[in-house]
Amino acid sequence: FTPFEKKNSDYSKSGKPRRARTAFTYEQLVALENKFKSTRYLSVCERLNLALSLSLTETQVKIWFQNRRTKWKKQNPGADTSAPTGTGGAGGTGGTGGGLPFLTASHVLSPFMLGTQSYAAPAFYSTHL
């Protein structure tokens with residue numbers, strides 16, 4: 001056996017055959033990369049929907065995102081992984097503070113603005129009061 005060959009490379013340590021590496025299609029990779037641009041972490045629901053739409057398992061999507069985050073961290077040393085991706089509009093949140101479409105900056109209460117701002121009910125509440 002040469003240094004370039006791996007002894008029993010088709011089997012794991014437990015003796016079970018290894019699972020074949022997933023070969024993602026171009027369309028799957030484009031969709032996964034686009035989703036990664038908008039968010040580096042998926043919720044369970046997002047992961048399920050993405051997996052179903054791409055004909056992948058949830059585990060395949062989960063592992064792809066784990067590997068992609070690792071690659072991203074190597075490409076962006078010292079960057080905050082929880083910070084927004086900053087791709088400008090690709091995330092679909094519209095700058096509304098974490099993806100909550102009904103909240104705008106004027107509706108968010110800031111402790112630094114106490115005494116300088118009036119806190120009336122937002123316009124969309126007035127018809128329900």
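In this text, all values refer to a predicted model and were calculated from it rather than measured experimentally. Reckoned from all heavy atoms, side chains included, excluding hydrogens, waters and symmetry mates.
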Determine whether a donor-acceptor pair (N or O, by modelled atom type, separation under 3.5 Å) exists between the side chain of Thr39 and the backbone of Lys35. no

Distance-only, no hydrogens or angles: does the Glu33 side chain make a donor-acceptor pair with backbone N or O of Val30 under 3.5 Å? no

Joint cluster assignment, Phe24 & Trp72, ILVMFWY side-chain distance < 4.5 Å: yes

Side-chain heavy atoms nearer than 4.5 Å, only ILVMFWY residues, links allowed to pass through others: does that put Ile63 and Phe36 together? no

Starting at [atom1] of [X], measure out to [atom2] of [Y] and round the result to the nearest 0.5 Å.
{"X": "Lys73", "Y": "Arg40", "atom1": "NZ", "atom2": "CZ", "result": "9.5 Å"}
{"X": "Leu42", "Y": "Glu58", "atom1": "CG", "atom2": "CD", "result": "10.5 Å"}
{"X": "Gln28", "Y": "Ser53", "atom1": "CD", "atom2": "OG", "result": "9.0 Å"}

Measure across Thr57 and Gln60 and return the closest heavy-atom pair with its distance rounded to 0.1 Å. N-OE1, 2.8 Å

Partners passing side chain to side chain donor-acceptor pair (under 3.5 Å) against Ser14 (at least two apart in sequence or in another chain): Ser12

Can you list the residues that meet the side chain to side chain donor-acceptor pair (under 3.5 Å) rule with Arg19, with sequence neighbours excluded? Thr22

Are Trp64 and Leu56 side-chain neighbours, meaning at least one heavy-atom pair lies under 4.5 Å? no

Donor-acceptor contacts, no H, no angles, side chain residues 44-51, under 3.5 Å, sequence neighbours left out:
residue	atom	partner	partner atom	Å
Glu46	OE1	Ser43	N	2.8
Glu46	OE1	Ser43	OG	3.4
Asn49	ND2	Cys45	O	3.3

